[in-house]
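All values derive from a computational prediction rather than experimental measurement.
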Amino acid sequence: MTDRRLEGRSVLALVTNYGVEQDELLVPLRQLRKDGVDVTVAAVSTDPVQTLQGDKDPGQSVDPDVSHEALGAAPHGLLLIPGGTLNADHLRLERAAVDTVKAFAASSRPVAAICHGPWALVEADVLRGKTLTSYPSLRTDITNAGAKAWVDEPVVVDAEGGYPLITSRTPKDLDDFVSAIREQLARV
């Protein structure tokens with residue numbers, strides 16, 4: 001069943017070509033598309049994105065729609081940053097990806113990040129004053145990046161500090177994470 005409130009909305013999923021946690025990309029991608037949301041997958045290159053399960057076992061491949069460099073100024077309503085340790089670690093080294101994160105925050109558009117995804121937010125220096133969650137090992141990085149608080153909850157939505165931020169801990173929290181994304185998109 002399509003959520004008609006979300007038709008015409010758009011999401012940009014920002015990943016690298018190797019190491020994104022399969023369910024953290026595919027579950028939101030499929031559920032949002034089923035709701036009528038236009039989801040664009042942007043990777044470092046237009047080569048297939050190799051997902052992983054549990055950071056080690058090969059998962060499904062996904063064909064990206066565009067490279068980070070070719071994104072241009074195309075407007076999207078929400079930025080989705082899936083995790084996967086390898087994906088997140090490499091994503092924060094991609095200047096075009098970090099610039100995209102900065103642009104979303106600066107334009108007050110919502111950002112949703114799960115698991116290790118908030119590393120890109122740390123690199124973009126957009127966490128000052130925010131309350132969020134993530135995979136527990138990022139707690140110190142997030143705190144050192146000026147976040148107000150790191151909390152251990154399935155999903156945290158923080159609308160303070162210029163842009164709405166939705167965060168979750170792990171794939172176990174995907175139902176709550178996707179629900180929070182849907183609620184935010186319905187407001188955009």
Side-chain angles (χ1 to χ4, degrees), residues 1-52 59-84 86-121 123-124 126 155 157 163-168 171 174-175 177-188:
M1 185 169 122
T2 300
D3 185 340
R4 299 216 182 276
R5 298 174 308 144
L6 301 182
E7 287 181 352
R9 304 299 196 273
S10 65
V11 168
L12 174 64
L14 201 58
V15 299
T16 60
N17 291 86
Y18 182 80
V20 65
E21 184 65 32
Q22 176 181 277
D23 288 348
E24 293 174 6
L25 174 60
L26 294 181
V27 169
L29 187 99
R30 289 177 180 149
Q31 289 186 13
L32 293 171
R33 284 181 174 165
K34 184 178 171 187
D35 290 338
V37 176
D38 176 27
V39 182
T40 300
V41 177
V44 177
S45 74
T46 55
D47 296 326
V49 172
Q50 177 60 59
T51 70
L52 296 178
Q60 293 179 299
S61 290
V62 176
D63 290 326
D65 300 298
V66 66
S67 71
H68 296 165
E69 292 291 336
L71 272 174
H76 292 88
L78 183 140
L79 178 63
L80 170 65
I81 308 172
L86 295 172
N87 171 68
D89 192 43
H90 290 110
L91 189 65
R92 65 186 176 159
L93 298 176
E94 292 294 327
R95 181 59 31 212
V98 173
D99 288 346
T100 298
V101 173
K102 288 179 181 180
F104 267 80
S107 65
S108 301
R109 288 178 287 167
V111 175
I114 186 168
C115 200
H116 287 80
W119 263 340
L121 305 172
E123 191 64 32
V126 296
V155 68
V157 179
Y163 71 99
L165 177 61
I166 303 162
T167 52
S168 281
L174 277 166
D175 288 341
F177 184 61
V178 175
S179 291
I181 291 171
R182 284 181 173 125
E183 289 174 23
Q184 186 62 50
L185 282 172
R187 293 185 199 121
V188 177

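- Rounded to the nearest 0.5 Å, atoms CG (Leu78) and CG (Leu32) are 8.5 Å apart.
- The structure places CD of Glu7 at 9.0 Å from CG of Asp35, a figure rounded to the nearest 0.5 Å.
- Within the structure, the side-chain hydrogen bond (donor to acceptor under 3.5 Å, both in side chains) test picks out the following pairs touching residues 92-105 (sequence neighbours left out): Asp89-Arg92.
- Taking every heavy atom of both residues into account, Pro75 and Ser10 meet most closely at O-OG, 3.7 Å.
- Checking side-chain atoms of Glu123 against main-chain N and O of Leu93 turns up no donor-acceptor pair under 3.5 Å.
- Residues Val49 and Thr16 share a closest heavy-atom pair of CG1-O, 3.5 Å.
- Looking at every heavy atom in both residues, Gly59 comes nearest to Gln22 through CA-OE1, 3.1 Å.
- For residues 8-31, the set of pairs meeting the salt bridge (charged side-chain N to carboxylate O under 4.0 Å, His left out) definition, not counting sequence neighbours, is empty.
- Within the 3.5 Å criterion, the main-chain N or O of Val39 finds no donor-acceptor partner in the side chain of His76.
- The shortest distance between side-chain heavy atoms of Leu6 and Arg182 falls below 4.5 Å.
- Evaluation of the side chain to side chain contact (heavy atoms under 4.5 Å, CB included) rule for Ala105 yields Val126, Tyr163 as partners, not counting sequence neighbours.
- Here the OH-CD distance, from Tyr18 to Gln50, works out to 6.5 Å after rounding to the nearest 0.5 Å.
- Residues Thr46 and Ser67 approach most closely at CG2-N, 4.0 Å, considering heavy atoms.
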- Working for side-chain contact (heavy atoms from CB on, under 4.5 Å), residues Leu12 and Leu71: CA-CA 10 Å; Leu12 174 64; Leu71 272 174; 3.7 Å; yes
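- Considering all non-hydrogen atoms of both residues, Leu80 and Phe177 come closest at CD1-CE2, 3.7 Å.
- Taken to the nearest 0.5 Å, the CG atom of Leu86 stands 12.0 Å off from the OG1 atom of Thr51.
- Between the CD atom of Glu183 and the CZ atom of Arg5 there is a distance of 7.5 Å, given to the nearest 0.5 Å.
- Side chain of Asn17 to main chain of Val44: a donor-acceptor pair is present (N/O by atom type, distance under 3.5 Å, no hydrogens or angles).
- Interatomic distance, CG of Leu165 versus CD of Gln184, reported as 10.0 Å (0.5 Å rounding).
- Contact detail for Ala113 and Leu121: the closest heavy-atom pair is CB-CD1, 4.1 Å.
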